[in-house]
Amino acid sequence: MKLSWYAIALSLLVAGIIHIIAVLGIPQIAPRNAWTRLTTLADANTLVVLPHPSPAHQSLPMMAPDMRYAICRYDLSRGPVRINTRIPDELWNIAFYDPSGTNFYTISGGDIKREKIEIIVSTQSNALLDDETNALIDSEDSLVVTSPENLGLVMIRAPLAGMSYADRTERALRRASCGRILPGAQVAR
Amino acid sequence: MPKIVQLTAYSGLAVVVGLSSAWYMVDKGSRLTTSHSGPWSVWYRAGNPDADPYTRAHFARQGRLPVTTTSALYYTANRDDEGDRLTADCDYTVEGRPLDAAWWSIAAYRSSGRLIPNKANRYAFSNRDIARGSDGRFRIVLSAEPRPGNWLPTVDSDLFQIMLRIYGPRSSRDASGERRIDAQLPRIKRINCP
């Protein structure tokens, strides 16, 4: 067979295009990405404490067995969402994700330096529009996080200071809340 | 050779090269996306809003939600310091000095990312519960059989991997731009093998 350099160069070019399409397409077509796995576990705008990671049950692969997790999948299409939690340990970490899994905002217990925190999640467009949200910006006690899109996910991670802390850490996570801000609701307390 | 055979051969070549290179760079990483230190590797833009498409694809395919690398680092190893694959047939030690971080933890997983079932219900050691020497150094033994000290069971799994997660890494970079924590990573040594 006579090698045609032109044909080889052309195949490599096509290979490059296939490579790029595959890499860019994987996040969209990955059937078991984190978002798909977690949406089946939690309704929108509700805080769910995930079952503790064990060989029998892991909500996501490679979760930390010595950490406890809570998630809130939010939908801001009908207005901002509020998250309230105590931060009993400076190791706690609150991470915000868009549906593709990008961690667009993170705050750790060490940064908060307070025993409890109120976080308001809103989009650029509904952040400043109504009176209610204007009040939020002035509130010193709450932190406003701007979500790049209506849908997203908050994950609270609570590393254990030892396995004997598991129960009390899970209880602390269960006391956290996540929900839509109802019109006329008091925001800062 | 008929044109149609040539066309098929060249398109086949394009598909194979395109897909296998994409798979490799998404699954294993490359210099663009991962850095290596001994047996440990880390995707250094994991979770970042400015992450490249390979990093995004890697974590989407794995189904993980990493915290951005300024807050947490995830090092994985599926080989020992000699470069041999970690297997439950052998025993290993993971030895190191305390890492400069608020919290770190070492856990073993099957290749699939699942935890390894064991009767001791022991899946990880963190800086809060690991037994350490007076100089702060620690030693974990990975073995299918119970061991004294920090024993991390590898029962019932042939190949496995270790993950070291570091929350609130304090040391940033030294003068040469090297992440200082890379120099503090524990050593993974095979101690006996039938």
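In the text below, chain A, chain B and the rest are named by the order of the sequence lines, each starting its count at 1.
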Select one option (side chain, backbone, both, neither) describing which atoms of [X] are under 4.5 Å from chain A's heavy atoms.
{"X": "B/Val26", "result": "side chain"}
{"X": "B/Ser20", "result": "neither"}
{"X": "B/Thr68", "result": "both"}
{"X": "B/Phe125", "result": "backbone"}
{"X": "B/Ala51", "result": "neither"}
{"X": "B/Arg165", "result": "side chain"}

Just wondering, do [Y] and [X] contact through their side chains at under 4.5 Å, heavy atoms?
{"X": "B/Asn48", "Y": "A/Thr102", "answer": "no"}
{"X": "A/Pro55", "Y": "B/Tyr123", "answer": "yes"}
{"X": "B/Arg64", "Y": "A/Met63", "answer": "no"}
{"X": "B/Pro49", "Y": "A/Tyr105", "answer": "no"}
{"X": "A/Ile26", "Y": "B/Arg61", "answer": "yes"}
{"X": "A/Met155", "Y": "B/Val67", "answer": "no"}
{"X": "B/Trp103", "Y": "A/Asp66", "answer": "yes"}

Which of the residues A/Ser100, A/Ala56, A/Ala64, A/Ser54 is involved in the greatest number of heavy-atom pairs with chain B at under 4.5 angstrom?
->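 Looking at each option in turn, the highest pair count goes to A/Ala64.
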Pick whichever of A/Leu24, A/Asn93, A/Val14 has the most heavy-atom pairs under 4.5 Å with chain B.
->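 Answer, by heavy-atom pair count under 4.5 Å with chain B: A/Asn93.
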Do A/Tyr165 and B/Arg128 meet the criterion of a side-chain donor-acceptor pair at a distance under 3.5 Å?
->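 Judged by distance alone, the side chains do not pair up.
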Which value, rounded to the nearest 0.5 Å, describes the distance between A/Leu60 atom CG and B/Leu65 atom CG?
->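 So the CG of A/Leu60 and the CG of B/Leu65 are separated by 5.5 Å.
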Would a line drawn from the ring center of A/His19 to the ring center of B/Tyr54 be shorter than 6.0 Å?
->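 Yes - the distance between ring centres of A/His19 and B/Tyr54 falls below the 6.0 Å cut-off.
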Ignoring hydrogens and angles, tell me if any N or O in the side chain of A/Gln58 forms a donor-acceptor pair with the backbone of B/Gly113 under 3.5 Å.
->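 Yes, A/Gln58 side chain to B/Gly113 backbone: donor-acceptor pair under 3.5 Å.
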Interchain contact, A/Leu153 with chain B, by part (heavy-atom threshold 4.5 Å) =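 Contact with chain B is through the side chain of A/Leu153 alone.
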Can you list every pair that meets salt bridge (charged side-chain N to carboxylate O under 4.0 Å, His left out) and has a residue in residues 30-44 of chain A, with sequence neighbours left out?
->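 Every candidate salt bridge (charged side-chain N to carboxylate O under 4.0 Å, His left out) pair involving residues 30-44 of chain A fails, so no pair, neighbours aside, qualifies.
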